[in-house]
Amino acid sequence: MIELKYISKSFGPLTVLHDVNLKVKPQEIVVLIGPSGSGKSTLLRSINLLELPSHGSVRVGDAVYHAVQGPQEKVKQAIRKRIGMVFQNFHLFPHMSVLENLTYGPVQVLGLTTEQAEAEAFALLDRVGLKDKPQAYPLQLSGGQKQRVAIARALAMKPDVMLFDEPTSSLDPEMVKEVLDVMRELAQKSMTMVVVTHEMRFAQAVASRLLFMDQGRILEDTTPKAFFKMPATVRAQAFLDRLV
Amino acid sequence: MFHFDLIAPSIPFILEGVLVTLQYTLISVCGGLVLGALLALCKVGKSLTLQWFAAGYTSIFRGTPLLLQLGMIYYALPTLTGLTLSPFMAGILTFSLNSGAYISEILKAGIAGVDKGQREAALSLNIPQYKIMRDIILPQATRNVLPSLVNEIVDLLKESALVSVIGGTDLMRRANLVAAEKYLYFEPLLVAGCCYYILVLALTSLAKVLERKLATP
């Protein structure tokens, strides 16, 4: 489904990813953990090419992006078409209502009629527990509600893979659960997911595979069970020791 | 010591100038907005040539007096090209070109002020570039810079008095005509001044209403 080959990313003199290789199979739930600055988010954002790798290639389905070959707008579109993304700070469109946030993409990009898009939007809102909020604007919603709308907005584009970039990190503690519950439900419905998170309990309960990153490299690629029992590397042990 | 009675018959003549001044202002604002939006897109776009062009254009129109620009278009252009413009056309053209430069700077700042996450979210939804600009970035940018835009329109309204120099019969010119005819300065200028002031007040309160309407609830 997804295959990253020898991905490197540099910002000026700073190299944040070193020759990373990663394959994600359909229906896998991959959780990326590691200290801040370890390159987790950059790696995740490389998958849908919000971050363009300096070297290496990204394959999603049968679309392949090669870092050395220039812009490749067609490839970017083919890749992004299959991928939905959820951000730490939601990034809902503030000048659109919840319903408009959910229907804009399907109408403008997928070519659905407004009626079709709205019908699907209502179904999605129901699924994330917000069917009473279609006319609300993002500013009127709590953080947890915003993030659930953001998940619904990404799902409205019918992606094969969902990327989550620290989806609960800017939420008040009492709102974390409502977002994780939606993600759990997605996992049960066999969505392929790649999740950057600090929620260790979520990783333990939901992940089918756990990657530990540090200093731009994947140091461990294992199961959550094995990882939380006893990580193989000293750095991962140190990381776990520092968690409460 | 005041002789409003002497100019009373001419007051309707001065007041008609309000419409002329409004015409200059509104048409030039529309021209300035279109031009300003295009220049702003050049400034934030990828093409270096267009960036340089827009920066050079803005630099020239902000770096020379408006009165000089008006003179160039009304007096110098006909001798250079043989193309003669009416005072009205010359005024509108100059004000549009001039305010386009200022408005482009305002819009550029507005575009830069939109959270870059908005663009990333739109890209992740695979929305084409021009739709991201048209439907996601520009609406938010315009809302952010609405107060500055209103300032620019108010400036334009007041600066439109310059067309009186080339014979446009706006509010200012009419007041001057009456003054010259009656040898009275204070009274007609006061009438014109009140008109300008009321127009500016009306414009700013209209903008406040608009701002409140556009604000996301």
Side-chain angles (χ1 to χ4, degrees), chain A residues 41 44-45 47-52 71 73-74 76-98 100-111 135-141 146 149-150 153-159 161-165 170, chain B residues 33 36-37 40-42 44-51 106-150 207-217:
Chain A
S41 283
L44 188 78
R45 290 159 54 86
I47 298 176
N48 68 347
L49 301 168
L50 285 185
E51 221 66 82
L52 296 175
E73 286 304 323
K74 285 262 156 59
K76 281 189 205 168
Q77 281 172 24
I79 287 180
R80 286 177 185 151
K81 202 177 148 186
R82 313 192 58 165
I83 299 178
M85 184 155 190
V86 174
F87 300 86
Q88 179 179 346
N89 293 314
F90 330 121
H91 300 327
L92 293 176
F93 304 133
H95 57 303
M96 298 182 187
S97 69
V98 166
E100 287 163 342
N101 265 280
L102 263 59
T103 54
Y104 181 83
V107 171
Q108 295 290 331
V109 181
L110 303 181
Q135 302 308 333
Y137 279 82
L139 264 172
Q140 300 166 316
L141 301 177
K146 281 184 207 169
V149 172
R153 177 178 69 173
L155 290 175
M157 302 299 284
K158 304 200 169 55
V161 185
M162 286 283 284
L163 308 179
F164 292 85
D165 191 0
S170 52
Chain B
L33 274 175
L41 290 180
C42 293
V44 300
K46 281 183 189 145
S47 159
L48 279 184
T49 324
L50 288 179
Q51 276 179 30
I106 295 173
L107 287 179
K108 181 184 128 188
I111 292 171
V114 175
D115 180 6
K116 75 175 174 44
Q118 290 290 310
R119 198 185 150 69
E120 293 189 342
L123 282 177
S124 77
L125 295 169
N126 224 355
I127 299 169
Q129 296 281 355
Y130 76 95
K131 284 187 181 173
I132 296 182
M133 196 37 100
R134 189 190 68 189
D135 297 339
I136 312 289
I137 308 288
L138 276 182
Q140 296 184 54
T142 323
R143 190 169 306 174
N144 293 345
V145 297
L146 202 60
S148 318
L149 279 179
V150 172
K208 287 226 174 74
V209 174
L210 186 67
E211 214 169 319
R212 224 171 303 140
K213 268 210 158 151
L214 278 178
T216 28

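Per chain, numbering begins at 1; letters A, B, ... match sequence-line order. As the structure is a computational prediction, the values presented were derived from the model and not from experiment.
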Correct closest heavy-atom pair for B:S124 and A:N48 would be CB-ND2, 3.8 Å
For the atom pair CD (B:Q129) and CD (A:E73), what is the distance rounded to the nearest 0.5 Å?
6.5 Å
Quick one: CD on B:Q140 to CE on A:M96, what's the gap to the nearest 0.5 Å?
8.0 Å
Between B:L125 and A:V109, is there a side-chain heavy-atom distance shorter than 4.5 Å?
no
Residue part contacting chain B, namely of A:R153, when any heavy atom lies under 4.5 Å
both
Salt bridge (charged side-chain N to carboxylate O under 4.0 Å, His left out) partners of residues 78-90 of chain A, not counting sequence neighbours, each pair once:
A:R82-A:D160
Answer yes or no: are there more than 12 heavy-atom neighbours, outside B:K131 itself, under 6.0 Å from its atom NZ?
yes
So for A:F90, is it side chain, backbone, both, or neither that comes closer than 4.5 Å to the heavy atoms of chain B?
neither
Counting distance only, does the side-chain N/O of B:Q118 pair as donor-acceptor with the main-chain N or O of A:L92 below 3.5 Å?
yes
Under 4.5 Å from any heavy atom of chain B - which part of A:L50:
side chain
To the nearest 0.5 Å, atom CZ of A:F93 lies from atom CD1 of B:I127 at 4.5 Å
By the definition side-chain contact (heavy atoms from CB on, under 4.5 Å), identify the one residue from A:K76, A:Q108, A:Q77 that meets it with B:N126.
A:Q77
For B:A122, does its backbone N or O pair with a side-chain atom of A:H91 as donor and acceptor, under 3.5 Å?
no
